[in-house]
Amino acid sequence: MQNFTKSLWQVVFLLLVIVSLCSHEAFAQTTSISGKVTEDKTKETLVGVNIVVKGRVVGTITDLNGNFNLRVNQAPPFTLVFSMIGFTSKEIEITESNVSNLQVTLTEASILGQEIVVSASRVEESVLQSPVTVERMDIISIREAPQANFYDGLKNMKGVEMSTQSLTFQSFNTRGFNANGNVRTVQLIDGMDNQAPGLNFSVGNIAGISELDLESVELLPGAASALYGPNAINGILLMNSKNPFQYQGFSAQIKSGIMDQNTRSNPTTGFYDFAARYATAFSDKVAMKFNVNYLRADDWQANDFRDQSLLNGFGIENGTRETNPGFNGVNIYGDETNVNMFSVAQSLVGAGVLPQAALALVPQTFVSRTGYLERDLADYGTKSLKLNAALHWRLNDNVEAIFQGNYGAGTTVYTGADRYSITGFNIGQYKAELRGANWFLRAYTTQERSGDSYAIGIAGQGINEAWKPSQQWFGQYVGAFVQARSLGQNEAQAHATARGVADQGRFLPGTPQFNQALEDVRSRPIPGNAQGVGARFVDKTNLYHLEGSYAFKDIKFADFVVGANYRVYALNSERTLFATDDDGNEFNIREFGGYAQGSKTIADKLKVTASVRYDKNENFDGQWSPRVAAVYTAGKHNFRASYQTGFRIPTTQDQYIDLLTPQARLIGGLPLFRERYNLNNNPAYSLATVTQFGTAIQTLAANPQFQQQVFQQVYSQFPQGTPPNDPAVLAAVAQAIPVVAAQQNQGLKTPYRFTRFQPEIVRSYEVGYKSLLANNRLLIDGYFYYNRFENFIGGQILVQDRFPGSGIASDLGLNLLSVNSRNIYSMPVNREEVIKSYGWALGADYQLPKNYTIGGNVSFNKLANLDELAEVGFIPSFNTPDYRTNLTFANRNINNKNIGFALAWRWQGEFVWQSSFVSPAVNTQQLSVMPAFSTLDAQVSYKVKSIKSIVKLGGQNLFNSSGYRQAWGNPTVGTMYFVSLTFDEFLN
């Protein structure tokens with residue numbers, strides 16, 4: 001891999017040299033242009049106006065007095081393009097060799113429908129005529145958003161849903177199948193995929209881009225693989241930073257406020273956010289920029305203490321630690337470890353610790369260990385540091401070289417199969433790029449380091465084991481329970497007594513013993529070693545990526561774009577997270593792909609676009625991703641229709657994870673794991689099958705008539721005259737009942753049938769409409785889509801007999817029902833069912849008089865064949881409400897008094913959240929309901945031109961300190977109040 005990296009950078013350097021040597025500009029005529037740019041009505045000078053030569057990379061900006069000077073190595077004629085956010089762009093043709101005192105005026109204009117986007121087709125086009133749905137945030141909407149940061153502002157876009165796992169960790173999604181750390185969406189920052197290559201979550205708002213350096217955000221909801229490759233199956237988010245040639249000067253932002261949520265340890269706490277940016281052009285050839293952004297806060301807390309065990313007849317709402325011996329709190333950890341008391345009693349009888357007669361006193365009740373609250377285990381001291389530096393070098397008027405480094409580090413909390421304390425996590429992205437007006441060649445690497453991150457649930461279990469091993473704890477519990485029952489206590493009293501005995505001396509949060517145990521557990525990699533359980537996960541995986549794109553300019557028949565990419569994942573978890581090969585080395589994963597696109601406009605009415613892409617991962621068959629789209633323009637009405645195929649290559653963890661956790665061994669879906677864990681010869685059973693089998697046994701065993709039948713069979717084997725209530729008789733009957741019940745339910749025990757592991761595919765159909773009406777004051781945008789998912793990748797929990805052929809318990813499948821005699825695997829598999837979903841969205845924005853704007857959108861998403869999937873026991877994890885809506889009202893400059901405001905209200909309906917974090921019983925019964933909620937966000941801003949600053953006062957989720965949750969097990973998000981002061985030398 002080091003050789004590959006070295007070769008990659010050698011190629012980049014060689015290209016730079018070639019481009020520089022091939023430059024002919026030393027012999028070209030130089031044209032000088034100077035002048036001033038002012039606002040049309042007020043005649044005030046405009047600072048920071050972007051001026052470029054059309055079709056080339058050379059350009060400049062206006063200075064603090066509105067003046068500009070530009071040297072172009074080209075003889076006239078050519079065209080200058082003057083542009084600035086909030087103003088209508090203007091093109092001026094230069095026909096003379098040297099022009100001085102050029103006077104240019106720009107007109108302030110509504111930006112409704114005026115945006116130019118590149119994400120939809122990889123070439124510039126009007127957002128009104130985009131062949132697919134595009135949502136966009138520009139500098140003004142980012143600045144004016146009534147949220148504390150731009151990432152929170154994404155939820156104002158139609159169809160966008162968020163999953164908040166902590167203050168700085170949110171996942172966005174569109175069109176269903178939402179998830180924490182969503183792997184069905186892609187985030188690009190300046191063309192770099194910022195998904196953590198080993199841990200597989202996008203880090204866009206943990207260690208991504210500073211808001212001060214953000215120029216625009218473009219979102220394509222739905223499939224986008226035809227142009228952007230693997231994994232852009234549910235959407236792609238492109239974040240573009242400011243070019244230091246175009247955005248110069250010093251800017252800084254100080255933001256502070258309070259976070260309030262009434263169930264936190266300390267309900268009201270402060271947060272602090274500082275950012276600074278400096279950019280300068282040393283000449284018209286070289287420019288640099290530097291960014292720093294630091295945030296610190298006490299995080300939102302996950303305080304859902306409901307019982308998700310569903311054991312012993314208790315449910316989510318009525319189970320508590322006091323009433324349910326098998327209690328398993330959602331955000332309580334260590335209490336996932338549970339056993340059947342009767343099984344423990346049988347073991348104690350077999351070891352001679354308890355008399356045979358004790359079995360008659362022990363019920364078939366599940367008991368769990370006492371757990372710890374998340375707040376006692378997690379690091380809620382959220383920190384985020386983002387650093388960025390970039391050098392832009394215009395090798396000539398046609399080519400710009402970019403060398404860029406982004407580094408982020410922080411502490412946050414993330415929800416996956418467990419809750420994870422991401423402590424000391426850091427990620428670096430380093431890029432070299434050559435860019436022309438119609439092409440680019442880009443090479444970058446992503447370097448991920450997990451730091452001291454650890455699994456919170458495993459930490460809770462590890463502390464319990466460090467204090468007292470579970471085998472000892474459960475033995476003490478059952479022994480104390482038998483003794484309490486012998487003394488006449490009822491079952492509830494006996495359980496309370498038994499837990500008190502077993503928990504005596506338990507490490508309590510905040511004590512030196514607890515703190516030391518937590519430190520020891522989180523310092524050991526998962527799953528641990530001879531010294532104890534380990535909760536720390538180690539990942540140092542790197543990604544290496546090379547890609548290029550070229551748009552043909554001189555073909556008159558049609559417009560064509562071609563591109564290709566090559567990437568390598570170098571897995572490195574120090575042999576803790578990923579499987580190793582026969583030599584003990586972790587795997588590398590190689591992928592390559594290429595695409596071609598053609599577009600043709602017919603009679604200035606119909607624009608047809610067709611593209612196709614091919615991608616190949618070394619572990620899977622190649623994938624073709626076609627897209628056909630058309631836009632028909634009739635006056636101001638734009639009708640669009642498209643068909644495209646998207647696909648998702650299984651993540652690095654889906655392919656190669658091999659991790660033992662307290663609940664299960666997580667394994668990849670590749671064939672090597674079936675061989676490694678003997679799943680082909682020692683059959684495994686789906687958890688649903690085992691649950692059905694166990695429920696049938698338990699139901700039959702509880703039937704009095706059946707119990708009497710078994711009693712007669714067993715009693716007939718004892719010597720005549722033996723009393724029916726003889727302890728030996730009762731014990732033998734108790735042992736025989738599950739055996740006979742299992743014998744009568746063997747037909748339910750069907751082994752799981754494996755299929756070939758393949759990439760996930762979606763076939764997406766979409767129609768849409770976009771128009772700018774009412775004298776360009778009303779923007780309407782709507783769409784309807786229909787998706788067909790094939791080879792859908794979902795989690796599958798499998799149960800395997802740990803001791804095959806060990807006797808009657810193995811032969812009858814009873815080993816599958818006991819944690820002490822079974823193996824639990826969790827692995828990704830392809831579903832055979834075709835999953836169908838559909839939805840629509842409609843948005844409208846209206847420009848009222850005096851700069852007031854009002855807008856709203858509503859979106860609808862639905863699984864079309866949910867009932868069909870339920871019949872086969874498939875849990876699709878759609879995780880999306882039927883309806884969500886947004887309403888906005890704003891004015892960025894009231895009566896030209898430099899005062900602005902914005903209001904945003906949103907609502908989403910109730911839905912069921914399904915994931916690997918939800919307990920299997922709750923998942924199966926679809927009880928993990930996320931309630932409907934609404935929020936109100938607001939901000940008021942004042943532009944102080946004399947000090948080139950903007951003061952902003954705002955609040956999120958106003959008047960709702962009780963808060964809301966967006967996913968099962970995630971924190972409760974309360975109210976946030978903030979004030980910020982932003983200084984910008986150019987006020988841009």
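Values below: every heavy atom of this structure, side chains too, minus hydrogens, waters and symmetry copies.
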Give the table of side-chain donor-acceptor pairs shorter than 3.5 Å for residues 346-366, with sequence neighbours excluded, one pair per line with atom names and distance.
from, atom 1, to, atom 2, distance (Å)
Ser347, OG, Ser343, O, 3.2
Gln364, OE1, Asn340, ND2, 3.2

Which residues share a ring-ring contact (aromatic ring centres under 6.0 Å, His included) with Tyr372, sequence neighbours left out: Phe514
Quick check: do Asn464 and Val533 have side-chain heavy atoms less than 4.5 Å from each other? no
With rounding to the nearest 0.5 Å, note down the distance linking CD1 in Ile697 to CG in Leu814. 5.0 Å
Sequence neighbours excluded, the answer for side chain to side chain contact (heavy atoms under 4.5 Å, CB included) partners of Arg375 is Ser265, Gln301, Asn303, Phe305, Leu373, Tyr380
Return the CD to CD distance between Glu491 and Gln489, rounded to the nearest 0.5 Å. 11.5 Å
Residues in ring-ring contact (aromatic ring centres under 6.0 Å, His included) with Phe933, at least two apart? Tyr964
Is there a side-chain contact between Arg499 and His495 in this structure, where contact means two heavy atoms from C-beta onward sitting under 4.5 Å apart? no
Please check: side-chain N/O of Arg536 versus main-chain N/O of Pro525, any donor-acceptor pairing under 3.5 Å? no
For a quick test of reading the model, state the closest non-hydrogen atom pair linking Met259 to Asp299 and the distance between them. CE-C, 4.3 Å
When you compare the side chain of Met827 with that of Phe673, does any pair of heavy atoms fall below 4.5 Å? no
Can you tell me if Gln308 uses its side chain to pair, donor with acceptor, with the backbone of Asn328 under 3.5 Å? no
What's the shortest heavy-atom distance between Thr972 and Arg965, and which atoms? OG1-CG, 3.6 Å
Find out whether Ile526 and Thr576 are in side-chain contact, i.e. whether some heavy atom of one side chain is under 4.5 Å from a heavy atom of the other. no
What pairs meet the salt bridge (charged side-chain N to carboxylate O under 4.0 Å, His left out) rule with one or both residues in residues 515-535, with sequence neighbours excluded? Glu519-Arg522
Candidate pair Ile332 and Phe327, rule side-chain contact (heavy atoms from CB on, under 4.5 Å), full reasoning: CA-CA 10 Å; Ile332 301 175; Phe327 175 84; 3.7 Å; yes
Inspect the contact between Arg321 and Asp307 and indicate whether a charged nitrogen and a carboxylate oxygen are less than 4.0 angstrom apart. no
With Phe537, which residues qualify under ring-ring contact (aromatic ring centres under 6.0 Å, His included), at least two apart? Tyr420
Quick one: does Asn957's side chain have a donor or acceptor within less than 3.5 Å of a partner on Gly974's backbone? yes
For atom CD of Gln483, decide whether the heavy atoms of other residues, nucleotides or ligands shown that lie under 6.0 angstrom number more than 12. no
Thr695 (side chain) donor-acceptor with Thr691 (main chain) under 3.5 angstrom: yes
Output yes when a side-chain donor or acceptor of Gln692 lies under 3.5 Å from a complementary backbone atom of Leu748, and no otherwise. no
For the backbone of Glu336 and the side chain of Asn338, can you confirm whether one donor and one acceptor N or O come within less than 3.5 Å of each other? yes
Would you please name every residue forming a side chain to side chain contact (heavy atoms under 4.5 Å, CB included) with Asn815, sequence neighbours left out? Asp801, Phe803, Ser806, Ala809, Ser810, Ser821
Are Asp418 and Ile458 close enough that some pair of their side-chain heavy atoms sits under 4.5 Å apart? yes
Pairs meeting criterion ring pair (Phe, Tyr, Trp, His ring centres under 6.0 Å) with involvement of residues 713-737, two or more places apart: Phe711-Tyr715
I need the Asn725 CG to Leu730 CG distance, nearest 0.5 Å. 6.5 Å
When you measure from the side chain of Ser716 to the backbone of Gln713, do you find a donor-acceptor pair of N or O atoms at a distance under 3.5 Å? yes
Could you tell me which residues satisfy side chain to side chain contact (heavy atoms under 4.5 Å, CB included) with Gln796, sequence neighbours excluded, listed by chain and number? Ser686, Tyr752, Leu798, Val829, Arg831
Report yes if the side chains of Asp658 and Arg676 come closer than 4.5 Å at any heavy-atom pair, otherwise no. yes
Counting only N and O atoms by type, is there a donor-acceptor contact under 3.5 Å from the side chain of Asp304 to the main-chain atoms of Gly969? no
Value rounded to 0.5 Å, distance of CG in Leu687 from CD1 in Ile797: 5.0 Å
What distance do Ile667 atom CD1 and Leu659 atom CG have between them, rounded to the nearest 0.5 Å? 11.5 Å
Atom CD of residue position Gln471 - does it have more than 12 heavy atoms of other residues, nucleotides or ligands inside 6.0 Å? no
Measure across Trp913 and Ser163 and return the closest heavy-atom pair with its distance rounded to 0.1 Å. CH2-OG, 4.1 Å
Could you measure the distance from the CG atom of Asn266 to the CG atom of Asp260? Nearest 0.5 Å is fine. 9.5 Å
So salt bridge (charged side-chain N to carboxylate O under 4.0 Å, His left out) across residues 455-472, not counting sequence neighbours, yields Arg369-Glu465
Are Gln966 and Thr164 close enough that a side-chain donor and a side-chain acceptor fall under 3.5 Å? yes
Between Ile463 and Leu377, the two heavy atoms sitting closest are CD1-CD2, 3.6 Å
Got a sec: does the CD of Gln705 have more than 12 other heavy atoms crowding it under 6.0 Å? no
Per the side chain to side chain contact (heavy atoms under 4.5 Å, CB included) rule, which among Ile422, Leu167, Ile456 passes with Val413? Ile456
Going by heavy atoms in the side chains, are Met930 and Trp968 under 4.5 Å from each other? yes
Only counting residues at least two apart or in another chain, list the ones meeting ring-ring contact (aromatic ring centres under 6.0 Å, His included) with Tyr825. Tyr677
Between Val521 and Tyr454, is any pair of side-chain heavy atoms under 4.5 Å apart? no
Going by side chain to side chain contact (heavy atoms under 4.5 Å, CB included), name the residues that satisfy it together with Asn515, two or more places apart in sequence or in a different chain. none
Looking only at atom types and distance, does a side-chain atom of Gln926 sit under 3.5 Å from a main-chain N or O of Val922, one as donor and one as acceptor? no
Report yes or no: does Asp503 contribute a side-chain atom to a donor-acceptor pair with the main-chain N or O of Arg506 at less than 3.5 Å? no
